[in-house]
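Just so it is clear, the values below take in all heavy atoms, side chains as well, and ignore hydrogens, waters and symmetry mates. Chain identifiers are assigned alphabetically (A, B, ...) following the order of the sequence lines, protein sequences preceding nucleic acid strands; residue numbering begins at 1 within each chain. Note that this is a predicted model, so its numbers are computed, not measured.
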2 protein chains.
Amino acid sequence: MPKPTFFRLPDEKRERLIKAAYAEFTRAPFAEASISNIIKDAGIPRGSFYQYFEDKSDVFFYLLDQMRESTQAWMKKTIDTHHGDLYAALADVFDHVIDELVDGPYAPFYRNVFMYMDFHSAAKISPTPAPQPPHGKGELINYMVAHIDRSRLNVHSDAELHLLIHMVMGMFMQTVGYYYNRLSQGEQISVAELKRRLAQLLEWLQNGTVNKEERHD
Amino acid sequence: MPKPTFFRLPDEKRERLIKAAYAEFTRAPFAEASISNIIKDAGIPRGSFYQYFEDKSDVFFYLLDQMRESTQAWMKKTIDTHHGDLYAALADVFDHVIDELVDGPYAPFYRNVFMYMDFHSAAKISPTPAPQPPHGKGELINYMVAHIDRSRLNVHSDAELHLLIHMVMGMFMQTVGYYYNRLSQGEQISVAELKRRLAQLLEWLQNGTVNKEERHD
DNA sequence: TTCGTCATGTGACAACTTGTCATTATACGC
DNA sequence: GCGTATAATGACAAGTTGTCACATGACGAA
């Protein structure tokens, strides 16, 4: 988390810093991004940066957190809209988020995020099946566990539902990561194809991949 | 790939280098590992390192490649043993690989690999659904597409089987990554629990997560 | 106004990186 | 014994990060 001083900054200065940080993490993936560039761009001295943030990842995850919050709100809303129908909500959200990731104003930033997101970092963002402080990463998954309609789901405990949600989220990130990888290799797949893949994965997850002997229909 | 000079090195020196590289990537995750430490440990001058390798990731992926090869061989063998039964083979391989990852001599190295493996790097290792050079990362997935028994699988094309395999592999890595994350947070889960989770995920993938209305049993 | 105190701003600095390159050493064929 | 290609070497430039002693505010009390 940014230090208190950061939040006491005059709006103009704070926004200048954030903008510079976005620019740098858009220019280069986390490992290659440099604090030097951010402060040069924002026009603040080096010492000040460390007055506001712990280090590079502190800014980075602050930016990510902002993105998470909006997505999280959208997800909750969608679950309600679909009266707790997990897969209907997921299909909806995936579509929406992908449009955001691919066409939205921050698309190139997200690209760096997804391609170079490791499991350690992902754990800081995506919902974690663990006791969580009231607000933050765990909030969404707890909301989901509480509001998902399980009557038609083959899960038998909170833990199992946690696992399922965790898996679906991971699957989503993986697939988006795959899309960006292809993009950066010039072997771009279309957004439609990306969505088709996700739909297929969801379908498998719902109905399984194994043919039941003699389906009665 | 290491440069030709590297492979012409006297065995003793080459092994010393590899050993030092393993030590460094065991000590620290990729981003924090330093070439300086490797050469200090191996006792070779800086310039020589660059005679053998392109850069840090060149050594790193060389090490990973060695691990991939052995796992790959095991996977193929297991598919044959199970006469192309995808899920039986996967269950087998997962169990074996996990024991390797958790108890094997390279466990701490793998830990760093999995926790800090991003999607971009993963693409270099895990099977990619794309036309592939005869040998390497794509070899396994092509072998699988060719040898998996599809008669009981709900897949209708090579592309779909690719996708399925891709997803299962990703799911595996994600779950192992999760295990290591918990480990590093002190909230360790047991190996048995890890295996149970994977088994559950495979089960869902086979039979689906949605209750068919009125199962006839 | 003058002082004290606490929060901020600042940039020079040490301690590391990495990749290069001119130079030296070695091996091998003739 | 000589020439040439291949390999070894370490000083170096150019960059990075985090720190710290000090300067500059701001604001209330005397």
Report yes if a side-chain nitrogen or oxygen of Tyr52(B) is closer than 4.0 Å to either non-bridging phosphate oxygen (OP1 or OP2) of dA8(D); otherwise report no.
-> yes

side-chain N/O Lys56(B) vs dG19(C) OP1/OP2, d < 4.0 Å = no

Under 4.0 angstrom, heavy atoms only, what part of the nucleic acid is [X] near: base, sugar-phosphate, or nothing?
X: Thr5(B); result: sugar-phosphate
X: Ser34(A); result: sugar-phosphate
X: Phe53(A); result: nothing

Can you check the [X] [atom1] to [N] [atom2] distance for me, whole Å?
X: Ile39(A); N: dA12(C); atom1: CD1; atom2: C1'; answer: 13 Å
X: Asn37(A); N: dT16(D); atom1: CG; atom2: P; answer: 6 Å
X: Ile44(A); N: dG9(C); atom1: CD1; atom2: C1'; answer: 10 Å
X: Tyr50(B); N: dA13(D); atom1: OH; atom2: C1'; answer: 14 Å
X: Glu54(A); N: dT19(D); atom1: CD; atom2: C1'; answer: 13 Å
X: Phe49(A); N: dA12(C); atom1: CZ; atom2: P; answer: 19 Å
X: Arg8(B); N: dA5(D); atom1: CZ; atom2: C1'; answer: 11 Å
X: Phe30(A); N: dT17(D); atom1: CZ; atom2: P; answer: 10 Å

Which class fits the ring pair Phe7(B) and Tyr62(B): parallel under 30°, tilted 30 to 60°, perpendicular over 60°?
-> perpendicular

CA sep, side-chain torsions, deciding dist, call: Phe60(B), Phe25(B), ring pair (Phe, Tyr, Trp, His ring centres under 6.0 Å) | CA-CA 8 Å; Phe60(B) 184 69; Phe25(B) 289 119; 4.8 Å; yes

I want to verify a distance call: between [options], whose nearest atom is closest to the [X] side chain?
X: Gln51(A); options: dG9(C), dA8(D), dG18(D); value: dG9(C)
X: Lys13(A); options: dA8(D), dT10(C), dT16(D); value: dT10(C)
X: Ile35(B); options: dG19(C), dA12(C), dG9(C); value: dG19(C)
X: Arg46(A); options: dG10(D), dG18(D), dA7(C); value: dG18(D)

Yes or no on side-chain hydrogen bond (donor to acceptor under 3.5 Å, both in side chains) for Glu139(A) and Gln72(A), after CA distance, side-chain angles and deciding distance?
-> CA-CA 9 Å; Glu139(A) 207 208 347; Gln72(A) 194 162 299; 2.9 Å; yes

More than 12 non-hydrogen atoms from neighbouring residues, nucleotides or ligands closer than 6.0 Å to NZ on Lys3(B), yes or no?
-> yes

Under 6.0 Å from the six-membered ring centre of Phe94(A) and within 45° of its axis: does the NZ or CZ of Lys195(A) meet both?
-> no

